[in-house]
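Both backbone and side-chain heavy atoms feed into the values below; hydrogens, waters and symmetry mates do not. Chain identifiers are assigned alphabetically (A, B, ...) following the order of the sequence lines, protein sequences preceding nucleic acid strands; residue numbering begins at 1 within each chain.
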Amino acid sequence: MTVTRFAPSPTGYLHIGGLRTALFSWLTARHNGGEFLLRIEDTDMARNSEDAKDAILKAFAWVGMSQDGEVVYQSKRFELYTKYINQLLDEGKAYKCYMSKDELTALREEQMANKERTRYDGRYRDFNGTPPEGIEPVIRIKAPQEGIITFDDGVKGEINIASSEVDDFVIARADGSPTYNFVVAIDDALMGLSDVIRGDDHLYNTPKQIVVYNTLGFKLPNFYHVAMINNENGKKLSKRDGATDVMDYKTMGYLPEALLNFLVRLGWSHGDVEIFSIDEMIELFDPKNINKSSSNYNIDKLLWLNAHYIKNSDDDKLVSMLLDFGVDLRENDKASEILNATKERGKTLVELAEQINLIINAPTSYDEKASKKAFKGEAKEILNTFADMLVLASPTTKEAFHSVMEKIVAEKEIGFGKIGMPLRVSLMGSMTGSGMDEIMSILGVSETIARIEKAIASIA
RNA sequence: GGCCCCAUCGUCUAGCGGUUAGGAUCCAUGGUUUUCAUCCAUGUUACCGGAGUUCGAGUCUCCGUGGGGUCACCA
C-alpha cells in the first residue's frame, strides 16, 4: 500500500514550500488509495512550540488536506527510540563518544583550515579504555567506512554518495534524547512509509538515514526529493518576497483550491493543462513527473487562478467565505445578483468584498476626478429628470432599468455617456464598476433615487 | 572550500535525436462593454557557453559558467 507523510517540525508556521511537498505527498497517497500520515517532529524540546504545531494543523484544515489516522508526535515516542539506541549499543553497531564539544569544535576548525570536509574522525569508534572524567557521552552510529551509498531517487535519478562523506553521526545527545536522522528513519520505517516525498534540502540526510535503515534491517522506501521554490530572482524565498505563511493567503483572500492549483503546477505539469480541480489533481498526479529543477515563485499566476476560482465558485460558498472579509450577504435576498455583478471584478476575496461594498453601501464621497468629469454641464438636470422617470416607470428588473436609461437618452437626445457617467458616479462614487442597470435593479428604485438625490445635492 | 543537485520565453512549463520549439501567465494592441472588469483575437519574448557523438542535438557525452542545496549534541 502507498503510504506517504508530511513531517514538519513545529518551529514556525506552515511555509508555502512545505505545503507544496505536503500536497505532493497527499496527492500520491490519494491517487493510489493509500494513506497520508502527519508526523510532528518535535524531538528538539528547546525549539518546539505548541502554537507552531497548532498553526500547521490549522493551515492543513484550511486547504482541506486530510490526514489519515492520528497525528504522530515524536516527543511521545522517546521510549521506542531509546530501545533502538540500546539495541544498537548492545550489538556494537553504535558506541559512546566522549569527545567534548570543545574538542569537536577544534577538530572542525582544523579540518576547515585544511579545506577538508568537516566530519567526526571516529576516535571513539573502537574505544575500550577508561572514559574521561566529567563527560556525558553522546551515542554515535557506526556508519560504513568505505564504499558508496547509493539510492534511486524518484525525482533526481540515481544518487551516489561516498561513505567517506557520511561520518559516525550522533544518534543520541548527551542528555539521551535521540536526533533527527535517527528518529526519522525509524518512524518512516515503522509507520510503513512506501514513498518519502520531501524537499531536496534533505537529499544529504538520505544517506545518513539509509545507514540507520540498514543497521536496523529496515526496508527502504522510495525517496523523492523535490527541488525548492525560490523567489523570482532564483534566490531563497523569504518574507521579503511576499507571503510565505500559508495562512497569510487566507487573509489575503485566496481560495484554497487556487493556492493548491498554483502549487501543484510548481514543479509538476500534465501536458498543457493549467486548471486542476482537486479531483483532477488526484487522478493525474504522479510523483515520477516531478521536475528536477527548482522553480521560482511568482504571484501573477496565483492571482489569475484565484480570479478563475472566484468566478466559478458557488454563491453559497462565496457568501460564507466573504464573512471573513466583512461582508455578510446571508440575509440579503439580492445576494445572487450582487455576486453576479461583482464576481468577475475581484481577483481576491478582498477585492470582491470591496466591489460588493461599493454596491451595498452608498458612496460617502465621490472620486474627485470622476465627479469633476461627470457632474458638469447639464448633469444635474439630467439626473433629476432620470429620477422622475424612475418614479413613473418603477422598474424592478435589470432590463426595465435599462429601458429607462434608453428612454432618457432618446427623449433628451443625448449620448449614453451623458446619463451613464453622472449616474455611475452618483451610485458608486467612481467611474468604474458593474453595469448600471444591474446595480440599479439590485438597489431598487428608492435607494437608487436616494443616491441620485444625494449626488445632486453635492453638485454645487 | 569538499560533496551533491539543477539549467527552454521575465515567470510557470511542454518537449523525451528530425517540431515554423507548443501552452499558460505577464506585457502590448485590437474587438466586445455607456465605464471598469470579464471574455475573444493578435503580437513581442526562450533552448547559458564551448567542444564532441550523429546524416541530424533543446534533447546524448564531456568541459566550462551560473544558480541552488548540504557539511550540528537543528530539524
* Who is the Watson-Crick or G-U wobble partner of B:rU20, with both distances under 3.5 Å? -> none
* Partner of B:rG1 by Watson-Crick or G-U wobble geometry, both contacts under 3.5 Å, or none? -> B:rC71
* **Between B:rA7 and B:rG64 - C1' atom distance, rounded Å** => 14 Å
* Structure fact -> Quick note, salt bridge (charged side-chain N to carboxylate O under 4.0 Å, His left out) partners involving residues 409-435 of chain A, not counting sequence neighbours, are A:E381-A:K412
* Can you run down the salt bridge (charged side-chain N to carboxylate O under 4.0 Å, His left out) pairs that involve residues 293-306 of chain A, sequence neighbours left out, and say none if there aren't any? => A:E274-A:K301
* Asked: Which whole number of Å gives the distance between the C1' atom of B:rA46 and that of B:rC3?
  -> 32 Å
* Structure fact -> Given the options A:R125, A:K93, A:K142, A:D168 meets salt bridge (Lys or Arg N to Asp or Glu O under 4.0 Å) only with A:R125
* To do: Would you indicate whether A:K373, at its atom NZ, is surrounded by more than 12 heavy atoms from other residues, nucleotides or ligands within a distance under 6.0 Å?
  => no
* Quick one: look up who B:rU61 pairs with, Watson-Crick or G-U, both distances under 3.5 Å, and put none if it's unpaired. => B:rA51
* **G-U wobble or Watson-Crick pairing nucleotide for B:rG30 (cut-off 3.5 Å, both distances)** => B:rC40
* When the C1' atoms of B:rU19 and B:rU8 are considered, how many whole Å apart are they? -> 14 Å
* Go through the structure and list residues passing ring pair (Phe, Tyr, Trp, His ring centres under 6.0 Å) with A:F285, not counting sequence neighbours. => A:F24, A:W268
* Main-chain N/O of A:G147 paired to A:S163 side chain as donor or acceptor, under 3.5 Å -> yes
* **Nearest listed nucleotide, side chain of A:E232, among B:rC4, B:rG10, B:rA75** => B:rG10
* To do: Mind checking side chain to side chain donor-acceptor pair (under 3.5 Å) for A:S49 and listing every partner two or more places apart, or none if nothing turns up?
  => none
Protein and nucleotides 24-32 of chain B: nitrogen or oxygen contacts under 3.5 angstrom:
from   : atom 1 : to     : atom 2 : distance (Å)
B:rA24 : O4'    : A:E274 : OE2    : 3.4
B:rA24 : N3     : A:K301 : NZ     : 2.7
B:rU25 : OP1    : A:W304 : NE1    : 3.3

Under 3.5 Å between N/O atoms: give me all the protein pairs with nucleotides 66-68 of chain B, atom names plus distance.
from   : atom 1 : to     : atom 2 : distance (Å)
B:rG67 : O3'    : A:K235 : NZ     : 3.3
B:rG68 : OP1    : A:K235 : NZ     : 2.9

* Asked: Which listed nucleotide (B:rU34, B:rA75, B:rA14) is nearest to the side chain of A:N291?
  -> B:rA14
* Measure centre to centre between the rings of A:Y84 and A:F182, then say whether the value is under 6.0 Å. => no
* **Gap in Å between the two P atoms, one belonging to B:rU45 and one to B:rC36, rounded** => 29 Å
* Structure fact -> Of the listed B:rG69, B:rU34, B:rC5, the closest approach to the A:I159 side chain comes from B:rC5
* With A:R198 as reference, evaluate A:T21, A:T4, A:T206 under the side chain to side chain donor-acceptor pair (under 3.5 Å) test and give the passing residue. => A:T206
Protein-nucleotides 71-73 of chain B N/O pairs closer than 3.5 Å?
from   : atom 1 : to     : atom 2 : distance (Å)
B:rC71 : O2'    : A:R117 : NH1    : 3.2
B:rC71 : O2'    : A:T118 : O      : 3.0
B:rC71 : O2'    : A:T118 : OG1    : 3.1
B:rA72 : OP2    : A:R108 : NH1    : 3.4
B:rC73 : O2     : A:A174 : N      : 3.0

* **Under the side chain to side chain donor-acceptor pair (under 3.5 Å) test, residues paired with A:K58 that sit two or more places apart** => none
* What are the residues of residues 259-269 of chain A, sorted by number, that bring a heavy atom to within less than 4.0 Å of RNA chain B? -> A:R265, A:L266, A:G267, A:S269
* Asked: What about A:R345, does its side chain sit under 3.5 Å from the base of B:rU38 through a donor-acceptor pair?
  -> no
* **Residues forming a salt bridge (Lys or Arg N to Asp or Glu O under 4.0 Å) with A:E103, sequence neighbours excluded** => A:R123
* Please tell me if the side chains of A:L255 and A:L349 come closer than 4.5 Å, counting only heavy atoms from C-beta onward. => yes
* To do: Hey, which sits more toward the 5' end of RNA chain B by its nearest nucleotide, A:S295 or A:G417?
  => A:S295
* 5' precedence on RNA chain B between A:P178 and A:Y297 (nearest-nucleotide basis) -> A:Y297
* Can you name the side chain to side chain donor-acceptor pair (under 3.5 Å) partners of A:Q74, sequence neighbours left out? -> A:E41, A:D187
* Asked: Can you name the side chain to side chain donor-acceptor pair (under 3.5 Å) partners of A:K407, sequence neighbours left out?
  -> none
